[in-house]
**Student:** 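Sharing a structure here in structure tokens format.
All residue numbers refer to positions in the sequence shown, counting from 1.
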Amino acid sequence: MKEMRLSGRDLRVLPGALTVMMHVPVPLAEKRRLGAEEERTIENLLDRFTEATRHVYHRLSEEAQLSRAEIVKMRLEASLQWTLSSEEAKLLEEALDLCIGEGEAGRGVNICFNGDEYGITVQDMRSLRDRVRS
């Protein structure tokens, strides 16, 4: 088990990387085909993560009264204590490596992280990957 504190940027990077791993064709890398168990692991992780971030973002319940810039700012200031199983950590690390390679090549992978709006960079992906690895 890997216990870690996820920053607001991490809250954008984690689901983006796993989405790329599962659903986005990547032109630079020969993306390996995931096994059924790995797909279930990723889907379960995304489901848990979506539910957890929904609670974290709950404090933004007045979103209708906030500008989009204020919502983005508040989400980037959020954080979440998170635990990954060893299999989840391995798959997340692989997904982040894939996204880092695509991002460094200037591919459009950043759209999966709402990168233009949230300012997510390859360095954000590296930061999370390095913490997952440690």
Side-chain angles (χ1 to χ4, degrees):
M1 295 296 226
K2 175 81 176 169
E3 182 91 13
M4 57 193 316
R5 173 68 100 204
L6 298 175
S7 70
R9 290 187 175 282
D10 297 335
L11 297 181
R12 307 310 299 176
V13 170
L14 186 148
L18 294 174
T19 298
V20 168
M21 180 82 161
M22 288 203 47
H23 302 295
V24 177
V26 283
L28 286 183
E30 186 66 34
K31 187 166 76 169
R32 74 178 180 85
R33 185 179 172 101
L34 295 171
E37 187 61 36
E38 291 173 316
E39 285 184 6
R40 273 192 298 282
T41 298
I42 290 173
E43 288 168 354
N44 289 337
L45 173 57
L46 284 170
D47 288 346
R48 281 189 313 127
F49 187 78
T50 298
E51 185 62 29
T53 55
R54 188 172 294 134
H55 290 293
V56 168
Y57 293 155
H58 181 70
R59 65 187 172 105
L60 305 177
S61 59
E62 338 50 80
E63 286 185 7
Q65 300 152 355
L66 299 176
S67 72
R68 186 67 188 156
E70 291 170 316
I71 292 168
V72 168
K73 181 180 182 286
M74 290 178 79
R75 286 181 176 177
L76 287 173
E77 291 172 351
S79 66
L80 175 66
Q81 192 65 30
W82 194 252
T83 303
L84 294 166
S85 71
S86 57
E87 180 65 16
E88 290 169 340
K90 179 179 113 348
L91 290 167
L92 178 56
E93 183 179 340
E94 185 178 344
L96 288 164
D97 281 336
L98 185 66
C99 291
I100 289 165
E102 290 295 300
E104 287 173 339
R107 304 281 186 193
V109 73
N110 207 18
I111 192 69
C112 294
F113 307 97
N114 300 97
D116 294 338
E117 187 174 26
Y118 285 84
I120 300 302
T121 65
V122 171
Q123 185 53 43
D124 295 317
M125 297 173 211
R126 262 194 217 99
S127 172
L128 180 55
R129 184 208 48 206
D130 293 347
R131 286 182 287 125
V132 169
R133 248 184 212 161
S134 65

**Student:** Would a 4.5 Å heavy-atom cut-off, applied to side chains only, mark E102 and V20 as touching?
**Tutor:** no

**Student:** Side-chain contact, heavy-atom cut-off 4.5 Å: S79 with L6?
**Tutor:** no

**Student:** Filter on ring-ring contact (aromatic ring centres under 6.0 Å, His included), then keep only pairs touching residues 69-101, sequence neighbours left out; what's left?
**Tutor:** F49-W82

**Student:** So how far is it from T53 OG1 to L80 CG, rounded to the nearest 0.5 Å?
**Tutor:** 7.5 Å

**Student:** Go through the structure and list residues passing side-chain hydrogen bond (donor to acceptor under 3.5 Å, both in side chains) with E37, not counting sequence neighbours.
**Tutor:** R40

**Student:** For R126, which residues count as a side-chain hydrogen bond (donor to acceptor under 3.5 Å, both in side chains) partner, sequence neighbours excluded?
**Tutor:** E104, Q123

**Student:** Under the side chain to side chain contact (heavy atoms under 4.5 Å, CB included) criterion, do S134 and K2 qualify, and how do the steps go?
**Tutor:** CA-CA 9 Å; S134 65; K2 175 81 176 169; 3.5 Å; yes

**Student:** Yes or no on salt bridge (charged side-chain N to carboxylate O under 4.0 Å, His left out) for E51 and R54, after CA distance, side-chain angles and deciding distance?
**Tutor:** CA-CA 5 Å; E51 185 62 29; R54 188 172 294 134; 2.9 Å; yes

**Student:** Are side-chain heavy atoms of M1 and L84 found at a separation under 4.5 Å?
**Tutor:** no

**Student:** Could you tell me whether the side chain of D124 reaches within less than 4.5 Å of the side chain of D10, counting heavy atoms only?
**Tutor:** no

**Student:** Please enumerate all residues that pass salt bridge (charged side-chain N to carboxylate O under 4.0 Å, His left out) together with D97, with sequence neighbours excluded.
**Tutor:** R129, R133

**Student:** For N44 and T41, test the side chains for any donor-to-acceptor distance below 3.5 angstrom and give the result as yes or no.
**Tutor:** no

**Student:** For the pair Y57 and I71, evaluate side chain to side chain contact (heavy atoms under 4.5 Å, CB included) and give the outcome as yes or no after the intermediate values.
**Tutor:** CA-CA 10 Å; Y57 293 155; I71 292 168; over 6 Å; no

**Student:** Side chain to side chain contact (heavy atoms under 4.5 Å, CB included), that's the test. Do E87 and L91 meet it? Break it down for me.
**Tutor:** CA-CA 6 Å; E87 180 65 16; L91 290 167; 3.6 Å; yes

**Student:** Output the distance between atom CG (L14) and atom OG (S7), rounded to the nearest 0.5 Å.
**Tutor:** 10.5 Å

**Student:** So which atom in M125 and which in L96 form the shortest heavy-atom distance, rounded to 0.1 Å?
**Tutor:** O-CD2, 4.0 Å

**Student:** With salt bridge (charged side-chain N to carboxylate O under 4.0 Å, His left out) as the test, pick out the partner of E117 among R68, R75, R12.
**Tutor:** R68

**Student:** To the nearest 0.5 Å, what is the distance between CG on L46 and OG1 on T19?
**Tutor:** 5.5 Å

**Student:** Is a side-chain donor-acceptor pair under 3.5 Å present for T83 with E3?
**Tutor:** yes

**Student:** Taking only residues two or more places apart in sequence or in another chain, which ones pass salt bridge (charged side-chain N to carboxylate O under 4.0 Å, His left out) with E38?
**Tutor:** R32, K90

**Student:** Looking at every heavy atom in both A17 and A95, which two are closest together, and how far apart are they?
**Tutor:** O-CB, 3.4 Å

**Student:** Can you list everything that forms a salt bridge (charged side-chain N to carboxylate O under 4.0 Å, His left out) with E43? Sequence neighbours excluded, please.
**Tutor:** none

**Student:** Given side chains that start at C-beta, do those of L128 and M4 come closer than 4.5 Å, heavy atoms only?
**Tutor:** yes

**Student:** Do any N or O atoms from the side chain of R131 and from the backbone of R5 form a donor-acceptor pair under 3.5 angstrom?
**Tutor:** yes

**Student:** Under a 3.5 Å cutoff, is there a donor and acceptor pairing between the side chains of D47 and T50?
**Tutor:** no

